[in-house]
Amino acid sequence: MRLRRTYWCGDISLKNVGTNVVLAGWVQGRRDHGGLLFIDLRDRTGLIQLVFNYEHQEDLFRAAEKLRAEYVLAVSGAVIGRSPETINLKLATGEIEIRVDEIEVLNMAQVPPFYIEDAIDTDENLRLRYRYLDLRRPEMQEMLRLRHRLLMAARKCLDERGFWEIETPMLTRSTPEGARDYLVPSRISPGCFYALPQSPQLFKQLLMVAGAERYFQIARCFRDEDLRADRQPEFTQIDMELSFCVREDLIAEVEALLARIYREVLGRELHTPLPVISYAEAMERFGSDKPDTRFGMELQDISGIARECAFKVFNQAVSAGGAVKGINVKGCGYFSRKELDDLTALVQSWGTGGLAWMIVTEEGFKTPIAKFFTNAQLNSLRRYMAGEDGDLLLFIADAPDAAQKILGQLRLHLARKLDLIAEGEDHFLWVLDFPLFAFSPEENRYTSNHHPFTAPRDEDIPLLRTEPQKVRSLAYDLVCNGVEIAGGSIRIHGRDLQETIFRLLGLTQEELEEKFGFLLEAFKYGAPPHGGIAFGLDRLLMLMSKRKSIRDVIPFPKTAAGTCLLTGAPAPVSPHQLQELHIKNFGTQ
RNA sequence: GGAGCUGUGGUGUAGUCGGUUAACAUAUCGGCCUGUCAAGCCGGAGAUCGCGGGUUCGAGCCCCGUCAGCUCCGCCA
């Protein structure tokens, strides 16, 4: 390489007119007019136009004629201002161009399999197979830049607030609970396996015992579960933990970090403190523990009226300990019978018996179940549901949590269908006071809602012995637009309480010692009160860049089947490799 | 594990009721062209229609299977 770059393409402007510059980059395109030839040169900062004139320099012109898309060049030339009629306002550097006096072709290139430009509509297979070309496209370069800026802003902010960036092992041990582990066989210990971390959970708690006080890590995490549009088998967390803190301290730290990120990366102010809602209230009002609060259509409880009415589905549900919940779909009284039947089928596919509907009209209620209600009941229904003429009221009768959850899903479904969601704004909120446990009927035991190290609220500790399902935890989720962005908790720091929880989770003393003995032992040596949280960095980026797929914010993502189309991973290995690892291949049956 | 959608020159699409030579745009290659920036004009090459089987006189189109990608359910402390 003879010519050494002196400027980036996108940094040149009218200020540089009259100077000589050396640029380097890729050929974006070529416009050949015979004796006059234009080349757009691209680097990661943008495009700039190179001009070659046959009359000006014949040899150079002949060389330029041979250039093709994606050839790699260094050029030297003079920055000249364009004449007014040739200025291109669509191009950031459209007021100037480079009159080239020397070209160095650093590499030739095959014709790429798709266009290197934004808004391409090509098969994602191809984009992933040739990811290095896909990443050349400006919108993908912008993603890389945004990701970098987010990481830098987070690191700077956490550093300034006294957090130490500390690495924890990637080769660790498999633990029960949680997602399926990715396993790594040990060569030196035959028959034994490492697990890749689902999160650095245990290590960051040990760091608190170790007196690190404030820890963070940009941590890669691995979970061997099926993929989704917002889920990859390996993903990145901004992981934090701090000692001597209460829940409110954690929340304040996170809000400071998030505000800093929004300011530095997007130039936007985040108004803190962020709204807070309890898990119970979120479930009651939105039927979700990650409510999308960008629109209304909140759930109402009409169990009181349902109990009194003559409609068996309603009154029996309530007397069996269930609930009747409703939503008001404003102005949708025009829904056809078919649409209502489709909605009914939808909620049935989600596992409830059916859907009751009422349309509020000037003459009263239009509904197949009118005869089961007195006028007084219908009037209080209308009042409860804030029903106005033309509204559609939908009701589900079921066990309280099922009715909430399914109606919450229906609320989301309708909001998307009716385009009620204001895309411009981000609605952050904290969800607090999650139940510590969920009961698993399949396993006939309690499981941790968050993870087994989550502390219960002090005042609920007595309930551990009597009604564990009622114990509220010191866990907190940060939710935005119906997506969980971050989640964490205050941890248990006492050995006795931790053992009680493990036992409630059905872990035997042996399992407990074997799997978590090292943590319980650490807790004997003066563990400080501590708590932490982890951000889903990829999801945060999706939110900040308004992308619909997590693959669009990860440089080298995997497909829905967990494969990498670029490298071909996962792939078979040689028998020799397996032998060294003491692994026998049983084939694919 | 289950459900749905998609697969046709390099790329994006069209392809009727199953009918003979698979169309269009763009990219690409060659020629012309001195102010383009989605350059323009002329010409050329480029597809066994994801793969395998079946039905049929005949399949891009219908049927079965399979592969790949995407979306959703289960799963994801």
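Throughout, protein chains are lettered first and strands after them, A, B, ... in sequence-line order, and every chain is numbered starting at 1.
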For [N], the Watson-Crick or wobble counterpart (both distances under 3.5 Å):
{"N": "rG10(B)", "value": "rU26(B)"}
{"N": "rA45(B)", "value": "none"}
{"N": "rG52(B)", "value": "rC64(B)"}
{"N": "rA39(B)", "value": "none"}
{"N": "rG4(B)", "value": "rC70(B)"}

Which value, in whole Å, describes the distance between the [atom1] atoms of nucleotides [N] and [M]?
{"N": "rC57(B)", "M": "rG18(B)", "atom1": "P", "result": "16 Å"}
{"N": "rG53(B)", "M": "rG69(B)", "atom1": "P", "result": "23 Å"}
{"N": "rU34(B)", "M": "rA39(B)", "atom1": "C1'", "result": "13 Å"}
{"N": "rC67(B)", "M": "rU26(B)", "atom1": "C1'", "result": "29 Å"}
{"N": "rA23(B)", "M": "rA47(B)", "atom1": "P", "result": "12 Å"}
{"N": "rG10(B)", "M": "rG52(B)", "atom1": "C1'", "result": "26 Å"}
{"N": "rG30(B)", "M": "rC72(B)", "atom1": "P", "result": "46 Å"}
{"N": "rA59(B)", "M": "rA27(B)", "atom1": "C1'", "result": "30 Å"}

Check every atom of [options] against the side chain of [X] and return the nucleotide holding the closest atom.
{"X": "A560(A)", "options": "rC33(B), rC70(B), rU28(B)", "answer": "rC70(B)"}
{"X": "R231(A)", "options": "rG74(B), rG10(B), rC37(B)", "answer": "rG74(B)"}
{"X": "R551(A)", "options": "rC29(B), rG69(B), rC70(B)", "answer": "rC70(B)"}
{"X": "T559(A)", "options": "rA27(B), rG1(B), rG69(B)", "answer": "rG69(B)"}
{"X": "A179(A)", "options": "rG69(B), rC76(B), rG35(B)", "answer": "rC76(B)"}
{"X": "T122(A)", "options": "rC75(B), rG12(B), rC70(B)", "answer": "rG12(B)"}

Heavy atoms under 4.0 Å, any strand shown: does [X] hit a base, just sugar-phosphate, or nothing?
{"X": "Q232(A)", "result": "nothing"}
{"X": "A69(A)", "result": "nothing"}
{"X": "Y115(A)", "result": "base"}
{"X": "D32(A)", "result": "base"}
{"X": "L37(A)", "result": "nothing"}
{"X": "E124(A)", "result": "sugar-phosphate"}

Does [X] place a side-chain N or O at less than 4.0 Å from the phosphate oxygens OP1/OP2 of [N]?
{"X": "T563(A)", "N": "rG69(B)", "result": "yes"}
{"X": "R228(A)", "N": "rC73(B)", "result": "yes"}
{"X": "R223(A)", "N": "rC75(B)", "result": "no"}
{"X": "K548(A)", "N": "rU71(B)", "result": "no"}

Review point. Under 30°, 30 to 60°, or over 60°: which ring-plane class applies to H451(A) and F453(A), parallel, tilted or perpendicular?
Key: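 Answer is tilted, since the angle falls between 30° and 60°.
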Atom [atom1] of [X] and atom [atom2] of [N]: how far apart are they, to the nearest Å?
{"X": "N88(A)", "N": "rA39(B)", "atom1": "CG", "atom2": "P", "answer": "11 Å"}
{"X": "E55(A)", "N": "rG35(B)", "atom1": "CD", "atom2": "P", "answer": "11 Å"}
{"X": "R416(A)", "N": "rC72(B)", "atom1": "CZ", "atom2": "C1'", "answer": "11 Å"}
{"X": "D226(A)", "N": "rC70(B)", "atom1": "CG", "atom2": "P", "answer": "12 Å"}
{"X": "L565(A)", "N": "rC70(B)", "atom1": "CG", "atom2": "C1'", "answer": "12 Å"}
{"X": "I120(A)", "N": "rU13(B)", "atom1": "CD1", "atom2": "P", "answer": "12 Å"}
{"X": "E65(A)", "N": "rC33(B)", "atom1": "CD", "atom2": "C1'", "answer": "11 Å"}
{"X": "D123(A)", "N": "rG9(B)", "atom1": "CG", "atom2": "P", "answer": "11 Å"}

Practice item. Kindly confirm whether the side-chain ring of H33(A) is stacked on the base of rG35(B), judged by centres under 5.5 Å and planes under 30°. Key: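 The ring of H33(A) is not stacked on rG35(B).
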Check your understanding: If you measure from the ring centre of F38(A) to the centre of the six-membered ring in the base of rU36(B), is it under 5.5 Å, with the planes under 30° apart?
Key ->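 Stacking is present between rU36(B) and F38(A), given that their ring centres fall under 5.5 Å apart and the planes under 30°.
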Check: [X]/[Y] side-chain N/O donor and acceptor closer than 3.5 Å:
{"X": "D433(A)", "Y": "Y476(A)", "answer": "no"}
{"X": "T168(A)", "Y": "Q217(A)", "answer": "yes"}
{"X": "Q57(A)", "Y": "D101(A)", "answer": "no"}

Check your understanding: Checking R411(A) against F295(A): charged group under 6.0 Å from the ring centre and within 45 degrees of the axis?
Key ->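 Relative to the ring axis of F295(A), which defines the angle, R411(A) lies inside both limits.
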Practice item. Select from Q198(A) and A229(A) the residue whose nearest nucleotide in RNA chain B is closer to the 5' end of that strand. Key: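 With Q198(A) and A229(A) compared, the 5'-side residue is A229(A).
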Check your understanding: When you match R539(A) and R31(A) each to their closest nucleotide on RNA chain B, which lands nearer the 5' end?
Key ->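 It is R31(A), whose closest nucleotide lies nearer the 5' terminus.
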Review point. Between the side-chain atoms of E225(A) and the base atoms of rG74(B), is any donor-acceptor pair under 3.5 Å?
Key: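 When only heavy-atom distances are counted, E225(A) does not reach the base of rG74(B) through any donor-acceptor pair under 3.5 Å.
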Practice item. Report yes if a donor N or O on one partner sits less than 3.5 Å from an acceptor N or O on the other, where the partners are the side chain of R82(A) and the base of rU36(B); otherwise report no. Key: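 Answer is yes: a donor-acceptor pair is held.
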Check your understanding: Pick from R491(A), E241(A), H530(A): which one makes a side-chain hydrogen bond (donor to acceptor under 3.5 Å, both in side chains) with Q205(A)?
Key ->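 Running side-chain hydrogen bond (donor to acceptor under 3.5 Å, both in side chains) over R491(A), E241(A), H530(A) with Q205(A) returns exactly one hit, H530(A).
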**Study point:** Salt-bridge contact K290(A)-E484(A) (side-chain N to carboxylate O under 4.0 Å)
**Key:**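 Between E484(A) and K290(A) there is no salt bridge, as every charged N stays at least 4.0 Å from the carboxylate O atoms.
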Check your understanding: Under 3.5 Å, side chain of R472(A) to main-chain N/O of F434(A), donor-acceptor pair present?
Key ->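 Not confirmed, R472(A) side chain does not pair with F434(A) backbone.
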Check your understanding: Any donor and acceptor pair, going by atom type alone, linking the side chain of Q498(A) with main-chain N or O of P452(A) inside 3.5 Å?
Key ->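 Answer holds: yes.
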